[in-house]
Amino acid sequence: MQYNFNEIEAKWQKYWAENQTFKAENNSDKEKFYVLDMFPYPSGAGLHVGHPLGYIASDIYARYKRHKGFNVLHPQGYDSFGLPAEQYAIQTGQHPAITTATNVKRYREQLDKIGFSFDWSREVRTSDPKYYKWTQWIFIQLFNSWYNKGTDKAEDIETLITVFEKDGNATINAVCDDAIAAFSAVDWNSFSDKRKQEILLQYRLTYLAETEVNWCPALGTVLANDEIVNGVSERGGHSVIRKKMTQWSMRISAYAQRLLDGLEKIDWPQPLKDSQTNWIGRSQGASAVFNVNGHDEIIDVFTTRPDTIFGVSFMTLAPEHDLVLQITTPEQKEEVEAYIEATAKRSERDRMADVKTISGAFTGAYAEHPFSKEPIPIWIGDYVLAGYGTGAVMSVPCGDQRDYDFAKHFGIAIPNVFEGVDISEEAHADKDKTIIANSDFLNGLPYKKAMKLAIYELEKLGQGEGKINYRLRDAVFSRQRYWGEPFPVYYVDGMPQMIAPEHLPIALPEVEKYLPTETGEPPLGNATVWAWDTVANKVVANSQLNNTTVWPLELNTMPGWAGSSQYFNRYMDPTNEDEIFSKEAMNYWQDVDLYIGGSEHATGHLLYSRFWQKFMFDKGLVPKDEFAKKLINQGMITGTSAFLSKVFLDNDKVEEILVKNPSNYSKEVKDDLVVLVGEVKSVYLSKGICEGRNTNSRILKFINSKTSFSSDILNLISFNIQKSHVNVRFVNSSDELEFKSLKVDLETKREYKDAEFITEEDGTFKVFREVEKMSKSKYNVVSPDEICEEYGADSLRLYEMFLGPLEQSKPWNTAGITGTHGFLKKLWRLYFDDNGAKFTDTEPTKDNLKTLHKTIKKVEEDIANFSFNTSVSTFMICVNELSAQKCTSKSVLESLAILVSPYAPHIAEELWSQLGNKESISTAPFPAFDASHLVESSKEYPVSFNGKMRFKLELPLDMSKEDIEAAVMSHEKTQQQLQGRTPKKVIVVLGKIVNIVG
RNA sequence: GCUCGAGUGGUGGAAUUGGUAGACACGUUGGACUUAAAAUCCAAUGGACAUUAGUCCGUAUGGGUUCAAGUCCCAUCUCGAGUACCA
């Protein structure tokens with residue numbers, strides 16, 4: 001019986017689908033286990049072998065947990081809103097929904113071929129109105145909430161209104177917009193409805209605000225900070241500028257501290273936690289208020305070093321700071337305005353790239369030092385960022401390098417407030433072990449004490465307080481795109497109103513064009529049926545707009561991360577139309593036990609999801625305030641590109657002879673050169689030829705063998721070699737080019753029909769190889785379909801795991817798959833030979849059991865450590881050993897099938913059924929490890945001399961240290977090694993090693 | 001610049017708490033089977049010298065701790081990821 005993997009895999013994939021083998025129930029006596037993958041964006045290119053890596057790992061884990069008796073939830077879906085489908089729509093007019101559906105279908109086919117144990121009955125798609133209904137619903141919940149710092153959680157907006165009606169806003173301790181004017185209860189009750197709404201908007205967890213945003217003109221949309229890489233858009237690499245726009249924002253800053261604290265209770269990779277910590281950027285210090293001489297205005301600054309407050313010799317404001325124009329003196333006006341204009345012109349990117357140039361301008365105004373009451377000059381400088389802190393700093397040149405450089409550049413004084421520290425060359429930023437000097441009441445104090453005292457004194461003056469500042473900004477939530485979730489929002493007199501949840505979903509309207517309108521409105525501005533009828537409660541034609549009952553709807557859509565911030569919860573109850581999920585489903589599944597996905601989502605999806613989860617926790621919707629207990633980042637699989645080296649004539653020389661100075665050369669030379677150019681056009685060299693010594697003469701010899709040239713031309717001309725990609729599918733496991741299949745490469749559209757190949761001595765042609773990112777343009781993409789076709793899904797699954805540690809990035813090389821494929825064939829031959837089944841009811845031998853239980857132990861340890869690569873080699877060792885032992889014991893082979901089943905489920909199912917089982921192997925109990933089979937009576941001790949192993953000696957394990965020493969010392973090889981010397985010391989580690997020193 | 005991670009054969013990578021470096025594969029070489037190829041099986045495979053036994057050198061580099069270091073400590077170099085004037 002042959003291992004016919006194509007037939008076997010098709011058979012079991014069909015069986016699983018028909019029997020809904022992996023459908024998870026929302027209630028069960030079994031313990032739950034939730035294994036989640038980051039759902040894919042279905043791109044037009046389909047999957048390559050790098051994509052399924054994480055899915056294979058999570059599938060192994062999910063299948064293993066089923067064997068261990070858990071009720072496993074292992075869903076999959078699609079993050080199907082996104083820019084590529086929209087851009088394709090702009091180019092072709094094709095509706096993004098159609099493109100998306102086509103891509104989803106293709107993804108599903110590819111995923112099915114790999115044999116994942118997904119519960120497809122729970123599939124979600126973020127672009128499905130049935131799904132985004134609940135994304136809209138959460139948006140409404142956020143709108144109807146505010147963050148109470150007193151209780152440290154989100155609360156219903158009604159509770160805020162109640163307080164306003166009773167006490168005004170004086171007692172409210174909320175996370176809200178800066179600088180909300182104080183009002184009393186009387187004030188509040190006398191405010192117009194519109195005024196009340198405006199005020200409430202400043203407290204809501206999602207709010208409209210005029211914000212400075214990252215505007216990408218090429219994409220016609222706003223981008224979040226994490227969508228910008230190196231100053232250009234992540235998608236497409238277009239430039240980004242700062243622009244003020246009215247946008248929806250999410251008050252994620254309210255959760256900054258809780259997002260930080262939460263990291264401690266989740267088992268996520270440290271680098272990922274670190275990048276979230278950096279992103280949130282907590283810094284502890286103080287705010288200090290400086291009065292401005294001759295003005296009512298004050299300058300509020302944040303500092304992490306209040307202990308150095310006596311070292312302040314100037315203040316610096318960001319050029320964009322509101323106060324700048326008010327305080328600038330008439331004499332300085334011209335200079336300041338010129339400077340502001342100059343900085344405004346510089347793009348964010350320029351400012352970032354150019355850190356070294358120091359620039360600024362003096363405003364002519366002075367602030368008053370809170371303690372010394374000395375006047376302090378106020379400057380503006382672009383090293384102070386408007387977006388961080390208050391946009392103003394108290395500059396302490398002796399303690400901060402940037403302040404120091406600024407002071408040096410403009411000749412400002414640099415007072416030293418540190419005891420015994422030299423600041424003639426650079427600032428002294430070190431805080432530990434530093435004693436404060438020249439600082440009045442802070443003199444002689446170490447950093448920590450000085451800091452406390454300075455804050456205390458500031459508070460006493462009413463000019464400051466201890467403060468914690470976060471880098472984390474509120475997240476802009478509006479996008480000027482078509483292919484995203486519409487907001488459930490309409491506008492009455494310019495004020496946003498939520499549509500009642502019972503009328504959701506608000507479906508995307510049809511538009512003729514997917515581009516922004518001519519007046520610069522987002523694509524939804526093109527929709528003709530996009531107005532809200534507050535009587536009929538439905539979307540109606542724009543022509544019915546009457547500003548009494550029919551109002552305009554929001555034209556922006558939500559960003560890509562909206563749909564992905566709650567999908568993991570929706571999987572628990574994905575078809576529920578009445579609630580986002582039922583209480584029962586949520587109480588049963590609780591949270592994700594294992595989440596596998598890429599680290600590129602560290603400060604995007606994974607931060608926003610944690611934020612929404614905490615909000616939903618505050619609202620009592622979910623029982624856990626962290627959605628995923630354990631997270632693993634799978635590494636990237638890179639491609640191994642192949643290169644041909646092509647021969648070129650030295651272009652300058654050719655030009656010289658034929659174009660520039662043809663008269664200098666004979667007709668013969670010119671004629672020969674023309675022929676030569678034609679001959680060389682498609683000559684390729686094998687790797688060995690390029691690396692050999694006489695490459696040039698080899699080429700000459702080859703060319704001359706075809707047409708003879710005069711020695712004149714051959715002396716004149718020289719050859720260059722250039723490497724160009726060749727499709728990896730034409731290269732075999734020995735890096736040799738396969739001429740047979742290489743005629744016309746359809747992907748590179750390059751013809752090799754007339755090409756000449758200069759081969760190695762043995763007639764083979766070797767290519768160059770290099771590891772690069774897997775990408776279409778590098779012709780190194782390998783699709784899982786071809787692999788499944790040729791070697792089978794089980795071989796693919798094993799090979800992807802066998803490549804190396806899950807979290808590490810590693811190169812793909814199709815050649816190696818013969819290893820795991822060969823293993824599966826060998827496994828098969830353990831059960832069957834040409835005559836059929838080999839297994840019998842014979843009792844397993846001691847060796848059989850030892851091999852089996854060794855394997856069980858190792859595999860369970862490996863799965864617990866997510867070390868899937870080593871368990872594949874353990875299987876190989878196991879099969880090698882059992883083959884050598886000629887094991888035919890049915891009980892051993894049955895256990896082996898279950899062990900392998902999470903990794904190679906198709907072959908395992910087939911073996912299981914051939915062994916006579918009627919049910920799927922998927923819930924068969926995992927073999928129990930029995931240590932008694934591994935008990936050894938003796939150990940082959942390595943005997944080392946000065947740490948170098950020389951020989952091995954088999955000794956009983958229960959032998960005492962003294963007896964071992966005696967046995968080793970009396971051994972002839974020991975005497976041979978010592979050559980008469982007496983050892984200084986003999987170290988015996990029981991069960992491990994013997995080391996003889998001397 | 002800062003933060004984090006990593007450097008082991010021709011290649012991917014193994015190596016609990018410091019305890020036989022290179023498991024398991026790929027590739028390469030030789031052999032068996034075959035008219036031939038594929039498939040399969042067997043053997044060798046870190047380097048150098050010796051080719052029988054053996055000896056020396058080897059985990060990026062230089063030091064250190066230890067009976068014993070890929071593993072721990074210090075310094076240096078290289079690569080990768082994240083972040084960037086954060087007051």
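Below, read A as the first sequence line, B as the second, and so on, with proteins coming before strands; counting in each chain starts at 1.
Taking atom NZ of residue A:Lys858 and atom C1' of nucleotide B:A23, one finds them 10 Å apart after rounding to whole Å. Nucleotide B:G13 holds its P atom 17 Å from the CZ atom of A:Phe868, rounded to whole Å.
Glycosidic torsion of B:G31 falls outside 90° of 0, placing the base in anti.
Phosphate contact (OP1/OP2 of B:C86, side-chain N/O of A:Arg402, threshold under 4.0 Å): present. Residue A:Gln808 places at least one side-chain N or O closer than 4.0 Å to OP1 or OP2 of B:G13. Distances shorter than 4.0 Å separate none of the side-chain N or O atoms of A:Asn946 from OP1 or OP2 on B:C67.
Atom-to-atom distance recorded for A:Asp300:CG and A:Gln463:CD is 10.5 Å, nearest 0.5 angstrom.
Within the nucleic acid shown, A:Asn880 comes within 4.0 Å of sugar-phosphate atoms alone, with no base atom in reach, counting heavy atoms only. A:Asn995 comes within 4.0 angstrom of a base, heavy atoms only.
You'll find that the side chain of A:Asp382 is closest to B:C85, out of B:U83, B:C67, B:C85. For A:Arg829, taking side-chain heavy atoms from C-beta onward, the closest of the listed nucleotides B:U83, B:C56, B:U40 is B:U40.
With sequence neighbours left out, the ring-ring contact (aromatic ring centres under 6.0 Å, His included) criterion links A:Phe418 to A:His428.
The base of B:U17 is paired with the side chain of A:Lys992 by a donor and an acceptor separated by under 3.5 Å.
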Inset, instruction - Report the secondary structure of RNA chain B in dot-bracket form, marking unpaired bases with a dot and bases paired to a different strand with |, and treating Watson-Crick or G-U pairs with both distances under 3.5 Å as paired. - result: (((((((..(((......[....)))((((((.......))))))((((....))))..(((((..]....))))))))))))....
